[in-house]
Amino acid sequence: MFKKWFNKKRKEAEQVDKQIAEQQAEQLAEQAETDLQTEQTITAESDSAPIEAMQNEGVTTVQPVETDVSSNIDQADEQLNGAAVPEDEAEQESAPQKQGFFKKLFQGLGKTRQNITENIDRMLNSYDQIDDELFEELEEILITADVGMETALQLVEQLKAVLVERRIADPNQVKSALKDVLADALTSEQTIQIVPQTPTVILVIGVNGAGKTTSIGKIAHLLKGEGKRVALAAADTFRAAAIDQLKVWGERADIPVIAHSEGADPAAVVYDACQSTKAKGYDVLIVDTAGRLHNKVNLMNELNKIFRIIERELSSAHKEVLLVLDATTGQNALQQARLFKETAPISGLVITKLDGTAKGGFVFSIKRELEIPVKLICVGEKIDDLQHFDAVQFADALMQ
Ligand SMILES: Nc1nc2c(ncn2[C@@H]2O[C@H](COP(=O)(O)OP(=O)(O)O)[C@@H](O)[C@H]2O)c(=O)[nH]1
Ligand SMILES: [Mg+2]
């Protein structure tokens with residue numbers, strides 16, 4: 001099933017890696033030349049700083065999407081103990097009584113809501129009729145909240161249509177119409193269920209630090225709460241800390257973790273996990289992976305190998321490939337998603353760290369540009385801070 005897809009995509013990826021290598025070589029050559037010139041011109045006492053700055057610049061252009069957050073993994077203990085999410089007390093007081101995950105979502109989206117909704121409220125209050133200027137201001141507010149230019153324009157066009165349809169002429173009624181437009185924009189025709197049947201294998205991919213391992217712990221807890229028997233596979237064997245981190249989450253959620261040691265072949269871990277799933281009859285197997293996007297071909301080969309094992313060992317299982325995106329990176333996450341879309345057949349998105357950003361608006365452009373449904377969202381570091389995505393609930397929490 002994945003074989004054809006991979007072969008085609010791998011050829012394309014090889015081409016891209018070749019281009020990147022050529023680009024790198026070119027840049028190195030250019031840099032060497034610049035360094036030489038710089039060395040010749042700068043004085044001895046101020047030598048290293050400008051060269052380092054230029055070198056750093058070179059690295060970021062070649063690898064725009066790779067984020068190194070090894071320090072995050074060192075903080076694993078802290079997060080696992082459930083570091084408290086700062087709450088906006090003033091907002092809590094004014095908020096109506098809310099229950100369960102909606103309350104978390106409402107609090108988590110506080111910064112984005114402030115960025116979008118408070119500005120919209122202020123803007124709408126200053127108008128006594130709906131005109132072009134109002135729409136232009138609305139577009140600007142949406143763009144500022146990282147909704148993305150084209151998506152903002154499209155949303156405003158849709159809003160105009162709804163206003164005409166509902167014969168709305170009062171600026172006070174614009175907000176509720178906009179809420180419906182936003183919910184509609186996030187509603188997917190594709191199924192957003194991650195476990196439509198059992199067994200299901202969920203492969204979790206994404207760059208380092210996006211929130212893969214912690215999300216897996218939370219997904220496992222969520223599915224267990226729904227009565228599923230879940231197991232985890234520690235196929236990010238790149239660092240020992242990543243394996244340990246998954247094991248700790250497994251302990252917390254009381255879920256078995258299949259792991260080998262650091263440096264082991266990820267495919268071998270997945271093979272064992274598949275055997276275990278068959279033998280013990282688990283409903284869901286969730287596979288953690290390493291997020292090394294800097295070499296597309298390597299990443300694809302690794303994922304392809306894992307896929308082949310899953311296809312062979314659990315051929316009748318439903319396969320889900322979830323891409324984890326860090327909301328705090330806003331529009332950059334979109335760029336990352338485009339690259340990952342080339343390395344694996346992604347079936348859904350997990351948006352993490354919505355609690356830490358005012359850029360939550362990027363969720364709208366991701367859905368529109370990638371045509372991949374958002375399936376799960378995460379608004380904190382605690383085990384129950386992740387939930388299935390609900391477009392209406394999301395728009396509600398955003399536009400209160
Ligand atoms: N505030 C907040 N932090 C999160 C969220 N999801 C993940 N994190 C943090 O992001 C960091 C990286 O997460 P991790 O799962 O190790 O990322 P991985 O490298 O993709 O596996 C950790 O410190 C997590 O606690 C979230 O929804 N909110
Ligand atoms: Mg990890």
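All residue numbers refer to positions in the sequence shown, counting from 1. Side chains are part of it too, since the values below use all heavy atoms of this structure and drop only hydrogens, waters and symmetry mates. Just so it is clear, the model here is predicted, and its values are computed rather than measured. As the structure lists them, so they are numbered: ligands from 1, and atoms in each ligand from 1.
- Looking at ligand 1, you'll find an N or O of G209 within less than 3.5 Å of one of its N or O atoms.
- Using a 4.0 Å cutoff on heavy atoms, V324 does not count as a contact of ligand 1.
- With distances taken over non-hydrogen atoms, the option nearest atom 17 (O) of ligand 1 out of A242, G108, G356, G211 is G211.
- Ligand 1 does not have G206 within reach: every non-hydrogen atom of the residue lies 4.0 Å or more from it.
- Between the Mg ion (ligand 2) and Q245 there is no N/O/S contact shorter than 2.8 Å.
- Those atoms of ligand 1 with a heavy atom of T214 less than 4.0 angstrom away are 7 (C), 13 (O), 14 (P), 15 (O), 24 (C).
- Distances between N or O atoms of D355 and those of ligand 1 include at least one value under 3.5 Å.
- For T213, heavy-atom contacts with ligand 1 shorter than 4.0 Å involve the backbone as well as the side chain.
- When all heavy atoms are compared, the tightest approach of G206 to K212 is O-NZ, 2.9 Å.
- Interface atoms of ligand 1 facing G380, defined by a heavy-atom separation under 4.0 Å, are 5 (C), 26 (C), 27 (O), 28 (N).
- Between the side chains of S365 and Q331, at least one donor-acceptor pair of N or O atoms lies under 3.5 Å.
- Residue Q245 has at least one nitrogen or oxygen atom sitting less than 3.5 Å from a nitrogen or oxygen atom of ligand 1, judged on distance alone.
- Heavy-atom contacts of V207 reach the following atoms of ligand 1: 20 (O) (cutoff under 4.0 Å).
- Between the side chains of H318 and Q193, not a single donor N or O lies within less than 3.5 Å of an accepting N or O.
- Between E381 and ligand 1, at least one N/O pair is under 3.5 Å apart.
- Formation of a donor-acceptor pair under 3.5 Å by the K218 side chain with backbone atoms of C378 is not found in this model.
- With a 4.0 Å cut-off on non-hydrogen atoms, K382 does not touch ligand 1 at all.
- Distances between N or O atoms of T352 and those of ligand 1 include no value under 3.5 Å.
- In this structure, the side chain of D184 does not engage the main chain of D180 through any donor-acceptor pair within 3.5 Å.
- When each atom of ligand 1 is checked for a heavy atom of K212 under 4.0 Å away, the hits are 15 (O), 17 (O), 18 (P), 19 (O), 20 (O), 21 (O).
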In a table with atom names and distances, give each donor-acceptor pair under 3.5 Å that connects a side chain of residues 269-276 to protein atoms at least two apart or in another chain.
{"unit_1": "D272", "atom_1": "OD2", "unit_2": "H260", "atom_2": "NE2", "d": "2.7"}
{"unit_1": "Q275", "atom_1": "NE2", "unit_2": "E313", "atom_2": "OE1", "d": "2.8"}

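- Contact analysis leaves D385 out of contact with ligand 1, as no non-hydrogen atom separation drops below 4.0 angstrom.
- Those atoms of ligand 1 with a heavy atom of N208 less than 4.0 angstrom away are 19 (O).
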